[in-house]
Protein chains: 2
Amino acid sequence: MLYSNDQNGHLIYGRKEVTIINPILNNLKLEKQKLIINAAIKEFVKRGFEKASTNEIVKEARISKGSLFNYFHSKKDLYIYLIEYGVQVIEDFYEQIDLSETDLFKRIENIGLQKLYIHKKFPHVFDFLAAAIQEESAEVKDMIKEKVDPVYDRGTELIYKHIDYSKFREGIEIEKAIEILNWTMFGFGEKGLHQINTFEDLHEFGEKYLEEWKGYTEILKYSFYK
Amino acid sequence: MLYSNDQNGHLIYGRKEVTIINPILNNLKLEKQKLIINAAIKEFVKRGFEKASTNEIVKEARISKGSLFNYFHSKKDLYIYLIEYGVQVIEDFYEQIDLSETDLFKRIENIGLQKLYIHKKFPHVFDFLAAAIQEESAEVKDMIKEKVDPVYDRGTELIYKHIDYSKFREGIEIEKAIEILNWTMFGFGEKGLHQINTFEDLHEFGEKYLEEWKGYTEILKYSFYK
DNA sequence: AACACAAATGACCAAATCGGTCAATTGGAT
DNA sequence: ATCCAATTGACCGATTTGGTCATTTGTGTT
């Protein structure tokens, strides 16, 4: 079971754990693995591949330098691992998209909510892969292009697959309407992330989040739909 | 004359040059000054104050290390100069806001267009000041708070000053509508910046930009206004 | 308590990079 | 030809880099 719906019809996040092969790291407690992965991703997002400091990573992850280089042979290996990990997270994220839901607003709502849950586990995956595409370091550039680019292409295709565009009113430029909806979702998402850590219960936050989001969709539906 | 309008009523960008006191730097040709300022801003945005490398800056600005430290006594002095410079750019940007224009869409349109022109001259000023507020380095933190925070406060106040909200339809949540408009402007602006460098003539691009923007405002006006 | 083995540590390495200096060179004006 | 300001990049000591490894710590077995 990849996902399920509760009595309100809201998508429940319950994916399988992402695992990239790394015999040594995989023996650690999941909590610790997450700590290391997130610390490393954070540093790579902040400084880029070359300038990212392994010293900063071990400080943030609260492990020793020796341990880091026990888990990963080199900084480059660590980076490659994180790229593969991030790609895996996004791939699983795609799998969650309910393609039988043809209403654009409901589709986007589900996607936004799932992004929220992913953020709770891996706060910077999306930023990381976005930043990776911009990487300049020759040492990793080709590898990134090979592994990350296809993921993005598949994503933009999937998100809009089987959407029912007949609901749109005459005369509206649908492409522009979709862009507005995307920018709104992105902006609202960013706003949500600033508040998310002030909430104890993620589910409680999710409810409030969805409730507030309805306000925005109402405004846009008024313009988009017949 | 800070600004003027052409026959189409579009705002023409013709501000006074921003000048922060620095006797040595000011003797340079404006082109070269801009090159140095933009190179430095870019590096500080990318790496933050402490990790930013003066070596990278001189490489990007195509000047020697000796020159940089002839223009500025230290990396910190350079940073302070850039903050003051950025603040000045934003302050002048505020002055351009036509407060007699009470229509929200026209107000936002002007602001978006001006941001575009500023970006042509100083591609990363807005990013720079936004990043500065997040700076952690104790060496510059207080100075930033003192100089940058007030600018932001004044900005959000000015942008919405004297707007005529009576044009909005009954039942719409105006705060949310404004957020949507802002996110749309921001998203559209980002998209524009990716195309701007492919255009020779900035004025020509500005025209196309405005024309396309109209499509988005039409969609939103349909929902926002009576 | 004694042992065995795995996991984690941080002092340490050579190499690179850091912010900053300055003697030497260049360029333009007279 | 002379002068002086502007520019350069080799160079400084200090710090930080990615990466190593002898040593310590933790855990389970006997």
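Computed from a prediction, not measured in an experiment: that's the story for all the values here. Chain letters run A, B, ... following the sequence lines, proteins first, then strands; residues in each count from 1. Note: hydrogens, waters and symmetry copies are ignored here, and every other heavy atom, side chains too, is used.
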Inset, instruction - Pick base, sugar-phosphate or nothing for B:K75, based on heavy-atom distances below 4.0 Å to the nucleic acid. - result: sugar-phosphate

Legend entry - A:E56 or B:K65, whichever maps to the more 5' nucleotide of DNA chain D: B:K65

Inset, instruction - Measure from the ring center of A:F93 to the ring center of A:F126 and say whether it is less than 6.0 Å. - result: yes

Inset, instruction - Using salt bridge (Lys or Arg N to Asp or Glu O under 4.0 Å) as the criterion, list what pairs up with B:E136, not counting sequence neighbours. - result: A:K46

Inset, instruction - Apply salt bridge (Lys or Arg N to Asp or Glu O under 4.0 Å) to B:E60 and list each qualifying residue two or more places apart in sequence or on a separate chain. - result: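 With sequence neighbours excluded, B:E60 shows a salt bridge (Lys or Arg N to Asp or Glu O under 4.0 Å) to B:K42, given in chain and number order.
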
Legend entry - Sequence-distant partners of B:S53, side chain to side chain contact (heavy atoms under 4.5 Å, CB included), two or more places apart: A:K51, B:E43, B:N55, B:E56

Legend entry - side chain to side chain contact (heavy atoms under 4.5 Å, CB included) against B:A61, all qualifying residues, sequence neighbours excluded: B:I36, B:A39, B:I63

Inset, instruction - Rounded to the nearest angstrom, tell me the gap between atom CZ in A:F69 and atom P in D:dG19. - result: 5 Å

Inset, instruction - Give the rounded distance in Å between these two atoms: CZ of A:F72 and P of D:dT20. - result: 15 Å

Quick one: list whatever passes ring pair (Phe, Tyr, Trp, His ring centres under 6.0 Å) with [X], sequence neighbours left out.
X	result
A:Y152	none
B:Y94	none
A:F188	A:Y209, A:W213, A:Y216
B:Y79	B:F44, B:F49, B:F128

Please enumerate all protein N or O atoms sitting under 3.5 Å from an N or O of nucleotides 3-7 of chain D, with distances to 0.1 Å.
unit_1: D:dT7; atom_1: OP2; unit_2: B:Y71; atom_2: OH; d: 2.9

Legend entry - A:I196 side chain near A:L202 side chain, heavy-atom distance below 4.5 Å: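 Answer yes - side chains close enough.
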
Legend entry - Close residues, residues 39-47 of chain A, relative to DNA chain C [heavy-atom separation under 4.0 Å]: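 Those residues: none at all.
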
Inset, instruction - Taking heavy atoms of chain B and a 4.0 Å limit, find me the 5'-most and 3'-most nucleotide of DNA chain C within that range. - result: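 On DNA chain C, the outermost contacted nucleotides are C:dC18 to C:dC22.
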
Keeping [X] on the side-chain end and [Y] on the backbone end, is there a donor-acceptor pair under 3.5 Å?
X	Y	result
A:N38	A:K34	yes
A:E91	A:V151	no
B:R107	B:I163	no

Legend entry - Residues from residues 48-55 of chain B lying under 4.0 Å of DNA chain D - heavy atoms: B:K51

Legend entry - Of A:R62 and B:K76, the one whose closest DNA chain C nucleotide lies more 5': A:R62

